[in-house]
Amino acid sequence: MTKSGGSALSDDVLVVHGGTPLKGEIRVRGAKNLVSKAMVAAVLGDTPSTLFDVPAISDVDIVRGLLELHGIRTTLDEERSLRMDPANMVNAGVDEINVHAGSSRIPILLCGPLLHRLGTAYIPNLGGCNIGGRPIDFHLDALRAFGAVIEKQPDGMHLSAPKRLQGIKYRLDYPSVGSTEQILLTAVLAEGVTEISNAAVEPEIIDLICVLQKMGAIIKVHTDRVIEIVGVDRLSGYQHRPVPDRIETGSWAAAALATHGEIYVRGARQTDMMTFLNVFRTIGGAFEVDDAPTGGGIRFWHPGGQLSPVALETDVHPGLMTDWQQPLVVALTQAHGLSIVHETVYERRFGYTEELREMGANIQLYRDCLGGTPCRWGRRDFLHSAVIAGPSQLHAADLRIPDLRAGFSHLIAALAAEGTSRVFGVDRFITRGYEDFDNKLASLGASVERP
Ligand code: EPU
């Protein structure tokens, strides 16, 4: 054991007896990083919206709580269809909103919709994973350009719109997902035309555009990351089945590889996973796409033999997404040879490798850009490249989860390791993005228990 668990965390721990290949089937629902944004979009409509296949994760609960505070009635049925009725919207109290401070990054996306519907908005200090500075300068700069007045206070931000927000021509310094969503959610009801250049075009963003189009928006996605929005006077509610969660899919795929197992991820979709699937196959993993008319999915397995090392760079879509990096690094500890991973999206997304090293992994971090593309973090004090020498026999440890995706990777490492590990912080972090993971692990034959 490398660290001792504290008593304050004793009810937030999963005991993992490693070494059993994960085998079986799990199902993924709508993507966390679309569902939460589609919930924000419901604020823009003047009739109810229904979102299907909503995952049971705490990020959804947080956004639901914020919608309720603003008078939006929400009901969730047994099939996990979420109905949101914005008929009686009201301004919420600062103290009530502050209860959600620090729990998620989604509140910032409520700015534009609340300004359109209520004329004012209060946004608490944001949360989210500690994987870099995570500034919101693009968000605020764009909102000001639309005509919003922003007053920053120690507890949060007060925003107002003295008149109808006006369309803007805006170039993002970096194709940020959240900032692109911020501009989309604000532009759809602004007066006139908005043009975003250097926009992010992740599948979840395209799906959000589909939601907004269903509501009555006019949005054109041009070539070269340019998105044009023609503002309209009103939007109605929508009915939408979200894009499946490609991060969760990739996490289970990496778990199959690292534990020599076989996992069928029902609901996974090939189009969203193409970049990941190429890497998975290059490492030596096997997969089969099931296009059954009744839903389908992707089966991932370790075909036996040695895994191969790779050189990877994370990037914005269509590159390899940064949220696949951590589970893949765990799988790469089992590859034969040297792998190189250059993280170009976030400056501090290798913190979790310290625990992997304590478990026996051979991972060195570098400040240099060890990839073909020099990135924003090169020649600065950020350990954003990793060299992984494998294979390593991982051994059990006490692990403290630092953030959501790193947490799931710790879990994969514990499942692949010899012996019994304790993973602390599972409820606090993993439930933010992985639905029902205790039961999913049990159904895959993992030997896990709550003490
Ligand atoms: N950035 C700025 N200024 C801004 C906004 C972003 O400099 O105003 C920088 C960030 O510091 C970062 C880069 O732009 O270096 C990319 O950040 P982005 O805005 O794209 O990230 P995000 O919208 O905050 C979403 C997902 C993340 C995912 C990233 C990248 C949600 C809720 N979060 O974050 O998902 O890693 O896009 O794809 O959609 C997760 O699900 O665990 C997660 C962290």
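Read the numbers this way: they start at 1 and go in the same order the structure lists the ligands and their atoms. Each residue takes its place number in the sequence, starting with 1.
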Exercise for the section: Output yes when the distance from some N or O of ligand 1 to some N or O of Pro175 is under 3.5 Å, and no in every other case. Expected result: no

Practice task
Have a look at His139, Gln326, Lys37, Arg134 and point out the one with the heavy atom closest to atom 39 (O) of ligand 1.
Solution key: Lys37

Practice task
Please determine, by modelled atom types, if Glu343 and Thr314 share a side-chain donor-acceptor pair under 3.5 angstrom.
Solution key: yes

Handout entry: Per-atom contacts of ligand 1 with Arg105, taking only distances under 4.0 Å to non-hydrogen atoms
Key = 24 (O)

Practice task
Considering the heavy atoms of Ile136, write down every atom of ligand 1 situated less than 4.0 Å from one of them.
Solution key: 8 (O)

Practice task
With sequence neighbours excluded, give me every ring pair (Phe, Tyr, Trp, His ring centres under 6.0 Å) pair touching residues 103-145.
Solution key: Tyr122-His158

Handout entry: Residue and atom name of the nearest protein heavy atom (relative to atom 29 (C) of ligand 1), distance in Å to one decimal
Key = Tyr346 OH, 3.2 Å

Exercise for the section: Would you check if there is a donor-acceptor pair between the side chains of Tyr170 and Ser197 at a distance under 3.5 Å? Expected result: no

Handout entry: Lys/Arg-Asp/Glu bridge criterion (N-O < 4.0 Å) met for Glu248, Arg405
Key = no

Exercise for the section: Going by the salt bridge (charged side-chain N to carboxylate O under 4.0 Å, His left out) test, name the single residue among Arg266, Lys32, Arg29 that passes it with Asp53. Expected result: Arg29

Practice task
Ignoring hydrogens and angles, state whether a donor on the side chain of Ser49 or Arg83 is under 3.5 Å from an acceptor on the partner side chain.
Solution key: no

Fill in the blank from the handout: Short version for Trp324: what comes under 4.0 Å of ligand 1, heavy atoms counted, is neither

Problem - ligand 1 versus Arg349: contacting region, heavy-atom distance under 4.0 Å - result: side chain

Completion exercise
heavy-atom search around atom 36 (O) of ligand 1 in the protein gives Asp323 OD2, 2.8 Å

Problem - Any Ser179 heavy atom less than 4.0 Å from ligand 1 - result: yes

Exercise for the section: Identify whether NZ of Lys or CZ of Arg in Arg246 sits under 6.0 Å from the centre of the six-membered ring of Trp324 and within 45° of that ring's axis. Expected result: yes

Exercise for the section: Provide the number and element of each atom of ligand 1 under 4.0 Å from a heavy atom of Val345. Expected result: 12 (C), 13 (C), 15 (O), 16 (C)

Practice task
Determine yes or no for a side-chain-to-main-chain donor-acceptor pair under 3.5 angstrom, with Glu435 supplying the side chain and Ala56 the backbone.
Solution key: yes

Problem - Closest protein heavy atom (residue, atom, distance) for atom 19 (O) of ligand 1 - result: Ser176 OG, 2.7 Å

Exercise for the section: Could you tell me whether ligand 1 has any atom less than 4.0 Å away from a heavy atom of Pro135? Expected result: yes

Exercise for the section: May I ask you to identify, for Val177, whether its side chain, its backbone, both or neither come under 4.0 Å of ligand 1 on a heavy-atom basis? Expected result: both

Handout entry: Proximal atoms of ligand 1 relative to Phe138 (non-hydrogen, under 4.0 Å)
Key = 1 (N), 2 (C), 3 (N), 4 (C), 5 (C), 7 (O), 8 (O)

Handout entry: No-hydrogen, no-angle side-chain donor-acceptor test under 3.5 Å, Arg64 and Thr74
Key = yes

Problem - Distance from atom 42 (O) of ligand 1 to nearest protein heavy atom, with residue and atom - result: Arg405 NE, 2.9 Å

Exercise for the section: Would you mind telling me which of Tyr346, Phe350, Tyr366, Trp377 makes a ring-ring contact (aromatic ring centres under 6.0 Å, His included) with Phe382? Expected result: Trp377

Handout entry: ligand 1 versus Asp137: contacting region, heavy-atom distance under 4.0 Å
Key = both

Problem - Atom indices of ligand 1 within 4.0 angstrom of Thr322 heavy atoms, with elements - result: 30 (C), 36 (O)

Practice task
Specify the protein heavy atom at minimum distance from atom 35 (O) of ligand 1: its residue, its atom name, and the distance to 0.1 Å.
Solution key: Asn33 ND2, 3.2 Å

Practice task
Hey, can you tell me if Phe276 and Phe280 have their rings parallel, tilted or perpendicular (30° and 60° cut-offs)?
Solution key: parallel

Handout entry: cation_pi(Arg376, Tyr174) dist<6.0 Å, angle<=45
Key = yes

Handout entry: Proximity of Tyr174 to ligand 1 by residue part, where a heavy atom lies under 4.0 Å
Key = side chain

Exercise for the section: Decide whether Glu313 and His342 meet the rule of one side-chain donor and one side-chain acceptor closer than 3.5 Å. Expected result: yes

Handout entry: Numbering as shown, the atoms of ligand 1 that approach Lys32 to under 4.0 Å (heavy-atom distance)
Key = 40 (C), 41 (O)

Exercise for the section: Run the numbers for me: atoms of ligand 1, each under 4.0 Å from some heavy atom of Gly178, listed by number. Expected result: 19 (O), 23 (O)

Problem - Modelled atom types, side-chain donor and acceptor of Asn98 and Asp95, under 3.5 Å - result: no

Handout entry: Ring geometry between Trp252 and Phe408 (parallel below 30°, tilted from 30 to 60°, perpendicular above 60°)
Key = perpendicular

Practice task
Work out whether the distance between some heavy atom of Trp377 and some atom of ligand 1 is less than 4.0 Å.
Solution key: yes

Exercise for the section: Specify side chain, backbone, both or neither for Glu181, according to which of its non-hydrogen atoms lie closer than 4.0 Å to ligand 1. Expected result: neither

Handout entry: Check: Glu202 N/O within less than 3.5 Å of ligand 1 N/O
Key = no

Completion exercise
Within the 4.0 Å heavy-atom cut-off, what Arg376 brings close to ligand 1 is side chain

Fill in the blank from the handout: Leu404 heavy atoms within 4.0 Å reach ligand 1 at atoms 42 (O)

